[in-house]
Structure formats: C-alpha cells, structure tokens
Amino acid sequence: MRWIDELPDRARELLPPPVTEYFGQGAAAGMSTAEAAAAWDALRLRPRVLRDVSTVSTATTVLGQPVDTPVLVAPTTLQRLAHDEGESATARGAASAGSLLEVSTNAGTRFEVLGRQGAPWWVQAYIVRDRGFSVEVLKRAKAAGAGAVVLTVDTPEVGHKLQAGDSVWDLVTGDQLQANLDTDGLPDGALDKARDLTFADIGWLRETVGLPVVVKGVLRGDDARECVAAGAAAVQVSNHGGRQLDGAVSTARALPEIVRALDGTGAEVYVDGGLRRGSHILAALALGATAVFVGRPVLWALTVDGADGVRRLLADLTGELRHAMTLAGAASLDDLAPDLVA
C-alpha cells in the first residue's frame with residue numbers, strides 16, 4: 001500500500017475524533033467531497049512513445065517563484081491540532097521538498113515565524129466586513145514575506161455541515177486559530193464574511209496590499225475571465241474541498257473550461273481538490289494547470305510525522321509525477337499538453 005493511502009487511518013489513531021471529523025468533513029451530504037478523487041480517477045492518459053526521457057524535470061515557476069515541484073500546499077486551518085508546531089512544521093516540510101505553501105489567515109502560527117522557515121508562501125484571505133482589518137492583516141503577512149494574496153471567494157457564508165465536527169471548537173485555544181488576528185476593540189459583526197465582495201475588490205486588494213492576487217474558489221470560465229480582467233494574476237480552481245456548496249462541480253471537470261477561458265491572458269491557473277496520485281497531477285498539468293495544491297493529505301502527513309511527514313508526502317507525489325511523466329514521454333512540464341488526456 002502507498003504511504004499516502006495509509007495516512008488517514010494512521011492520523012485517525014493519533015487525533016481526537018472531533019478533529020479527525022472536522023478535517024475530513026464536507027458540506028451537507030458530502031457529495032462533492034466524496035467524488036473529488038474519483039473525478040481524477042476517471043480520466044485516462046494517452047502516453048507518447050519514443051521520446052527522450054533520460055532526464056525528467058518537475059521544476060517550474062509560480063508567479064515567478066522557482067519551485068522544484070508543481071505539488072504545492074493548500075491553506076488549511078487548525079494545523080496546531082494536528083501537530084504542536086502546526087504551520088511551522090508544514091512550512092519546513094514544504095521548504096525541504098522545494099515546494100510552496102498557502103497559509104490560512106486563521107493560522108495558529110505568527111506570520112513572522114512562518115517567514116523564517118525557508119519556504120516561499122502566500123497568504124490566504126477571507127475579506128471581512130471591516131475591510132481595514134483585512135488589509136492590516138494582509139500587510140503584516142506581506143512584511144513577513146508573503147509573496148501573494150490568495151483571495152478566497154466561495155465563502156460569503158460558511159457551508160452547512162451535517163456532521164458533528166463542530167465539537168472540535170471545544171478543543172481550540174485562541175492562538176491555535178487566530179495567532180495573527182488581533183480582534184480587541186472590534187465591534188460586533190466586524191469579522192463576519194463580506195457578502196458584498198465583487199470583482200472590483202480584486203484590483204482594490206492588489207493596489208492596497210501591493211501583492212499579486214490569486215483568486216481561489218472559481219469553477220466557471222466566465223468568472224475566471226472576469227477575475228483576470230479585474231486584476232487577478234492567477235485563478236485557483238477549487239470547490240473548497242467540498243466544504244461549501246455541496247453538489248458543486250468537481251475541479252477535474254471545471255479545469256478545462258477555465259483554462260480555455262483564460263487562454264491568451266497570461267494568467268496562471270492552479271487547481272486543488274482530490275489530487276491523490278502522480279497520474280492525477282500529470283492530468284491536471286496536461287489540461288493546463290501551472291501547479292496543483294493538496295490540502296487534507298498534508299494535514300494527515302503533518303499529524304503522523306510533522307515536518308518530515310509533509311516533506312515525504314510532497315516528495316512521494318512528486319516522485320509519482322516524475323514516473324508518470326517518464327512513461328508518458330514528457331521530459332519537462334512544458335511537454336505536457338491536453339492531448340495526453342483522453
């Protein structure tokens with residue numbers, strides 16, 4: 001059995017049941033969460049033959065940042081419930097794998113600490129009703145070394161969960177959730193999600209914070225084009241791990257439409273959700289993604305073996321990708337094209 005396939009069960013043995021449930025749960029009936037990996041499994045590859053694959057490289061760049069692998073770390077909260085060092089351990093694991101991580105606004109580790117772990121990182125943002133508060137937090141992240149803002153746009157409110165995972169909050173101390181959020185003196189409702197967020201806020205955020213903006217949570221080509229027209233440097237195809245609108249289209253299905261919609265714009269496209277194998281990653285990159293992000297597997301690996309677990313997870317997936325590239329006749333990521341996917 002692959003190590004990555006053992007991780008959920010091994011983590012379950014180490015975590016309190018509410019934490020395991022919270023990390024794994026999806027919205028409502030959990031349909032979108034359940035079908036995420038299966039949607040990638042359903043794709044078939046059309047390998048090329050008689051290509052020189054004596055040397056195969058997985059190196060690439062994301063928003064100009066060199067990385068050794070296109071397998072990157074998606075933002076997740078409550079990492080310090082998985083491991084005492086939380087995001088610090090995740091960052092060290094990403095650094096040793098030559099990867100990059102997105103860090104939740106709700107991280108349990110100070111941005112200044114993360115900036116010393118050696119990994120390139122981007123800060124994920126939920127814009128709240130108090131826009132000034134959001135900007136202050138993001139400027140602190142920029143000062144600590146964040147290279148981009150990942151604007152999450154699929155959460156005007158939190159998706160309904162039918163599972164009992166909400167009991168996880170009984171285990172959380174304040175700094176495990178909001179090490180970077182000083183909420184003293186804020187009026188009631190200031191931290192509610194901003195329901196009036198529009199495309200115009202993309203350019204506002206880019207200019208105000210002074211970082212490129214990645215828009216995360218896009219599942220439609222027309223929305224993707226609007227995001228880029230409004231100033232986004234990249235779009236991240238995501239259904240929030242199935243934790244928001246249950247029944248939302250899988251990212252494997254949404255990706256080709258968005259890539260086509262952004263053709264010629266120069267914007268990069270990333271994808272997350274259900275990517276569990278090197279063949280999944282090869283298919284995503286061949287369909288036009290610049291990089292992929294993994295979330296839950298990182299939490300399981302962090303739980304089982306801290307920074308070393310995160311490094312191994314990313315290294316294993318990168319190794320599987322390299323193997324799949326070799327068998328598909330692709331010596332570099334530039335050799336991956338849509339005709340490799342049936």
Side-chain angles (χ1 to χ4, degrees), residues 1-17 19-26 33-43 45 56-60 67-76 78-102 117-119 241-242 251-252 271-285 289 291-328 330 333:
M1 179 181 286
R2 300 159 68 233
W3 186 70
I4 185 175
D5 295 331
E6 299 175 0
L7 287 174
D9 287 339
R10 293 184 61 182
R12 192 173 293 113
E13 295 172 355
L14 298 170
L15 293 171
V19 178
T20 300
E21 186 169 38
Y22 179 80
F23 285 166
Q25 71 182 181
T33 299
E35 73 179 11
W40 294 107
D41 284 339
L43 299 178
L45 302 174
V56 174
S57 173
T58 61
T60 189
V67 287
D68 295 335
T69 174
V71 187
L72 313 178
V73 178
T76 53
L78 298 184
Q79 292 190 25
R80 285 180 57 196
L81 291 184
H83 189 277
D84 287 344
E85 292 186 283
E87 292 86 358
S88 289
T90 300
R92 291 200 307 278
S96 61
S99 184
L100 172 150
L101 71 156
E102 295 175 334
Q117 304 307 311
T251 56
V271 63
D272 64 54
L275 293 138
R276 301 291 184 265
R277 297 182 176 277
S279 56
H280 294 174
I281 298 164
L282 184 144
L285 300 175
V292 307
F293 285 82
V294 290
R296 288 184 180 93
V298 172
L299 289 173
W300 307 138
L302 177 66
T303 300
V304 170
D305 201 17
D308 285 342
V310 174
R311 178 204 56 75
R312 178 176 176 181
L313 172 77
L314 297 172
D316 283 1
L317 287 174
T318 302
E320 289 185 4
L321 170 62
R322 186 180 295 109
H323 177 67
M325 289 172 62
T326 302
L327 296 180
L333 300 186

Heavy-atom pair with the smallest gap, counting every atom of Gly93 and Ser96: O-OG, 3.0 Å
Identified side chain to side chain contact (heavy atoms under 4.5 Å, CB included) partner of Leu317 from the options Val71, Val292, Leu275: Val71
Partners meeting ring pair (Phe, Tyr, Trp, His ring centres under 6.0 Å) with Phe293 (sequence neighbours left out): Tyr270
Which residues share a side-chain contact (heavy atoms from CB on, under 4.5 Å) with Arg312, sequence neighbours left out: Trp3, Asp316
Exercise: identify the closest heavy-atom pair between Val271 and Ala284: CG1-CB, 3.9 Å
Arg277 CZ to Asp41 CG distance, which is reported to the nearest 0.5 Å: 6.5 Å
Nearest non-hydrogen partners of Arg276 and Ala37, listed with the distance: CG-CB, 4.3 Å
Leu78 side, atom CG; Glu87 side, atom CD - distance, nearest 0.5 Å: 9.0 Å
Closest heavy-atom pair and its distance - Gly309, Ala301: O-CB, 3.4 Å
Shortest non-hydrogen separation from Ala94 to Val310 and the atoms involved: N-CG1, 4.0 Å
Intermediate values then yes/no, side chain to side chain contact (heavy atoms under 4.5 Å, CB included), Trp40 and Ile281: CA-CA 9 Å; Trp40 294 107; Ile281 298 164; over 6 Å; no
Beyond-backbone contact of Leu72 with Ser99, side-chain heavy atoms, under 4.5 angstrom: yes
Partner set under side-chain contact (heavy atoms from CB on, under 4.5 Å) for Thr303, not counting sequence neighbours: Ala11, Leu14, Leu15, Ala82
Contacts of type salt bridge (Lys or Arg N to Asp or Glu O under 4.0 Å), residue Asp68, not counting sequence neighbours: none
Side chains of Leu282 and Leu45 in contact at under 4.5 Å (non-hydrogen atoms): yes
Residues forming a side-chain contact (heavy atoms from CB on, under 4.5 Å) with Ala307, sequence neighbours excluded: Ala89, Arg92
side-chain hydrogen bond (donor to acceptor under 3.5 Å, both in side chains) partners of Asp308, counting only residues at least two apart: none
Atom of Thr69, atom of Ala97 and distance for their closest heavy-atom approach: CG2-O, 3.7 Å
Nearest-0.5 Å distance, CG of residue Leu302 to CZ of residue Arg80: 12.0 Å
Any donor-acceptor N/O pair, Trp300 side chain to Ile4 backbone, under 3.5 Å: no
Side-chain donor-acceptor pair present, His83, Asp305, cut-off under 3.5 Å: no
Residues in salt bridge (Lys or Arg N to Asp or Glu O under 4.0 Å) contact with Arg296, at least two apart in sequence or another chain: none
Listed partners of Thr90 passing side-chain hydrogen bond (donor to acceptor under 3.5 Å, both in side chains), at least two apart: Gln79
Pro70: partners by side-chain contact (heavy atoms from CB on, under 4.5 Å), with sequence neighbours left out: Thr58, Thr60, Leu285, Ala291, Leu321, Leu333
Results of salt bridge (Lys or Arg N to Asp or Glu O under 4.0 Å) for Arg12 - residues two or more places apart only: Asp9
